Amino acid sequence: MTQLSTLGKQEGFGVTARRDAWWVGPLLTLIGLSAFLIYGTWAAWQGDGYEIRQKTGRQAFHDPDNKAVAPYLSPFFAPLIYDKGKSHHAWIKSDIRPSWLPGWFPFSAGFLILAFPGLFRFTCYYYRKAYYRAFWADPPACAVGEPRKTYWGENRLPLILQNLHRYFMYIILVFMVLLTWDALQAFWWPTNRHGELLPSGGQFGIGLGTIIMVINVLCLAAFTFGCNSVRHLVGGRLNCFSCPKNPENLRLGYKLWRWSSLFNEHHMEWAWISLFTVGFTDLYIRMCSMGIWTDLRII
Ligand code: FES
């Protein structure tokens, strides 16, 4: 009772009876998410470096004769909506930048798709907790005073829009199929082991980038399949498995729900691991495309 009454009297931003280093988690979250946001925005802004091509350099990147020498595609630009250099990954093989858009306005194939995984993560239940604490200090941690005295919840604008998470989930399931396809394509090379372009078609091969792309897709899948909205979907969109009115053919749904829950138990870990792998996959391909790193062809 003494302890409860002591805690009950605490008020004001940052005031707490906690003696542990409660601020470490929000601080690391602030640093980690800020670093990813800055890097991701910068990388998408470049509008290049998403493939490894014969000639390096920004001018050469969009040269239509500058062919890809590795089958990789950065996940920041996948699916590749358009490409000025006519990449075989591109859905539209030309520049689609509107002529009326001012030159200073950023327009890149990365910006056309990054909004969707960005909104999926932004509205994720785990990330909400993380950035409410780290960026808004609302509250900074459990049993630590917050700057506001009122509580709105997520019942009105703008935070009620967080409920759109389930719809972003459907879009991301499509992205997962496309990213898986890109990872499979990373086994089909346009060059031989000596880096010489094959006259036509391609050949099976594995490079370090292939392994990185596959690991990235697996980590993204572990994050996505542990999503609360995915659990609800695969479980048959029910709130109760044992209720008598539910049909009997729920066994499959229950099994899938249990399977999704395995990933959900570590959703925070998968959120961070997949954030790292997706950023590192872009970094690896970008560094190789700039000629700073050299990709290792294994098979
Ligand atoms: Fe985190 Fe859906 S709850 S991705």
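Just so we're clear, the structure is a prediction, and the values are computed from it rather than from any experiment. For ligands, and for the atoms within them, numbers begin at 1 and follow the listed sequence.
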Exercise for the section: Check for a donor-acceptor pair, side chain of N264 on one end and backbone N or O of R231 on the other, with a separation under 3.5 Å. Expected result: no

Exercise for the section: Enumerate the atoms of ligand 1 whose separation from the nearest heavy atom of N228 is less than 4.0 angstrom. Expected result: 2 (Fe), 3 (S)

Practice task
Measure up the F135 and Y131 rings against each other and bin them: parallel (under 30°), tilted (30 to 60°), perpendicular (over 60°).
Solution key: perpendicular

Practice task
Compute the minimum heavy-atom distance from F120 to ligand 1 and say whether it is under 4.0 Å.
Solution key: yes

Exercise for the section: For the pair D20 and R18, find out whether any cationic side-chain nitrogen is under 4.0 Å from an anionic carboxylate oxygen. Expected result: yes

Practice task
Just to the nearest 10 degrees, tell me the angle at atom 2 (Fe) of ligand 1 spanned by C227 SG and H165 NE2.
Solution key: 100°

Exercise for the section: May I ask you to list the atoms of ligand 1 that are less than 4.0 angstrom from any heavy atom of C124? Expected result: 1 (Fe), 3 (S), 4 (S)

Practice task
Decide, counting backbone as well as side-chain atoms, whether H267 has an N, O or S atom less than 2.8 Å from atom 1 (Fe) of ligand 1.
Solution key: yes

Practice task
Could you label the plane-to-plane angle of the Y127 and F223 rings as parallel, tilted or perpendicular, counting under 30° as parallel and over 60° as perpendicular?
Solution key: perpendicular

Exercise for the section: Pick one of side chain, backbone, both or neither for how F223 approaches ligand 1, counting any non-hydrogen atom pair under 4.0 Å. Expected result: side chain

Exercise for the section: Give a yes or no answer on whether the side chain of R297 reaches the backbone of G207 with a donor-acceptor pair at less than 3.5 Å. Expected result: no

